[in-house]
Amino acid sequence: MTKINTSINGKIYSDEVEDNTLLVDFLREKLGLTGTHVGCDTSQCGACVVHLDGNSVKSCTTLASQVEGKELLTIEGLAKDDDLHPIQKSFQNNHALQCGFCTPGLVMSSLDLLNKNKNPSEYEIREWFEGHICRCTGYKNIIKAVQEAIAL
Amino acid sequence: MYNFKYHKVNTIQEAVSLLSSCEDPKILAGGHTLIPTLKQRLSQPSDIIDISTIKDLSSISIQNNKLMIGALCTHNDVSSSPDVISTIDGLSELAKKIGDPQVRHRGTIGGSVANADPAADYPAALVALKAVIHTSKSTYQAEKFFIDMFQTAIETDEIIRGIEFEIPITSSYKKFKNPASGYAMAGVFIAKFDNDIRVAVTGASSVVFRLREVEEALTNKFNISSIENISIDSSNFNDDIHASSKYRGNLVKVLVEEAISDLI
Ligand SMILES: Cc1cc2nc3c(=O)[nH]c(=O)nc-3n(C[C@H](O)[C@H](O)[C@H](O)COP(=O)(O)OP(=O)(O)OC[C@H]3O[C@@H](n4cnc5c(N)ncnc54)[C@H](O)[C@@H]3O)c2cc1C
Ligand code: FES
Ligand code: FES
């Protein structure tokens, strides 16, 4: 077992995890933060994306022990009470999801992009989503949602 | 995932002593090769030694006209570093072409170099830029470091500290991505120095290699027509479901031409 102290969505957590626990399993199974999804478990699909010290990362390819002393932000940390985050709203406005399985990862990834690049071109948005797979939408409305979120 | 013991270390010395005392240890840096390998049980170490918290391995600096990059610098650190962009922008371009943003936020240059994947991007830059690999034990010229597929000159208890690059006048990296994996089907790095040109190829064969005939022709005259009549010997190139060796041979020539036109 390894002890970890970490801040998740602004709250401090101290816990013990099995040494081989993946970050995504810690979030989902130990903390019940099931908004972060597992799509592929092979670092390809981006459904598991969370922010680690301000950068989007794949939580299926990070050990829980590796987040000791670090700050995490998950999809549950975006909405303020009933008020959706502007990116969540623009996904809703643009019908940027169908089954919604890929959505938490894409929203977290969009937020990282817009934090770093205030006005990305369509090409830059598409390039940024290289590590995401959506089986439903065809991506068009996801791009539109990010473009709308630029203005929000 | 099957079980292993996890250790976090703060110094190279701590890591080295664990490497010699544990039964079958493995170093963990960014985890973007090792964790997928563990999941598939292609590797089943008894102990994982996490070096990502060692402090002095993550800086980038220019010293004595060389660019020094610490082993723990992520691909994103390399692609966005003002020191890299101002000295070797071909290297920054290369780092930007690795995987996707999330891979680049975690994966490290030391991990990529230690892993020596035949389709990885960095080996081409290291060989073309006459890099020296500094480890906990010794130093290696890049050309002698990459021995074969997933095989390098370092031993299992040796840790890469950083890579030292010669600074060229200009450089360019051209990559043809495998449409599924994003790894290089072929990648060509050209570095132009005061007195010579280096051309290194990754992805095409089991290990990175130089195109010496092309280097000589370009050192005489740096333009596309000077390599027109050179044929690339692709008999030893990878031949798989993604591309035949002949296809890769042609690809390498096209990428060399693209890199040349980038630099003139
Ligand atoms: C989806 C995806 C796409 C990718 N696309 C590309 C791509 O296009 N091009 C490309 O080049 N790579 C690609 N990669 C691989 C990526 O660049 C890895 O990050 C890199 O190969 C390994 O770096 P790491 O820090 O993650 O190493 P780890 O996974 O932590 O370690 C890899 C190996 O190196 C050893 N090691 C690590 N650090 C050191 C050190 N300092 N000294 C000695 N040994 C060490 C470990 O023991 C292990 O055996 C991709 C990976 C993924 C998951
Ligand atoms: S579940 Fe992590 S990338 Fe698919
Ligand atoms: S909305 Fe179904 S996978 Fe993207």
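Worth saying up front: this structure is predicted, and the values here are computed from it rather than measured. Residue numbers start from 1 in every chain, and the chains themselves are labelled A, B, ... in the order their sequence lines are given, proteins ahead of strands.
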Checklist line | Which atoms of L34(B) approach chain A - backbone, side chain, both or neither, heavy atom under 4.5 Å | finding: neither
Item checked: Side chain, backbone, both or neither of H105(B) within contact of chain A (heavy atoms, under 4.5 Å) -> side chain
Check: Sequence neighbours excluded, which residues qualify as salt bridge (charged side-chain N to carboxylate O under 4.0 Å, His left out) partners of D239(B)?
Finding: none
Margin query: So for K39(B), is it side chain, backbone, both, or neither that comes closer than 4.5 Å to the heavy atoms of chain A?
Written below: side chain
Next item on the list: Considering only heavy atoms and a distance below 4.5 Å, find which of L63(A), N55(A), T62(A), D112(A) pairs most often with chain B.
Entry: N55(A)
Notebook entry, point to check: Does the pair D121(B)/K175(B) count as a salt bridge with the N-to-O cut at 4.0 Å?
Noted result: yes
Note to self: Looking at R126(A) and E122(A), is there a salt bridge between them, counting it only when a charged N and a carboxylate O are closer than 4.0 Å?
What the structure shows: yes
Checklist line | Contacting region of D50(B) [heavy-atom separation from chain A under 4.5 Å] | finding: side chain
Next item on the list: Measure from the side-chain N and O atoms of E130(A) to the backbone N and O of E127(A), and report whether any donor-acceptor pair falls under 3.5 Å.
Entry: no
Item checked: Under 4.5 Å from any heavy atom of chain A - which part of K177(B) -> side chain
Notebook entry, point to check: Of all of G69(A), G131(A), S109(A), which one pairs up most often with chain B through heavy atoms under 4.5 Å apart?
Noted result: G131(A)
Margin query: Applying salt bridge (Lys or Arg N to Asp or Glu O under 4.0 Å) as the test, list every pair that has at least one member in residues 51-76 of chain A; sequence neighbours left out.
Written below: K58(A)-D100(B)
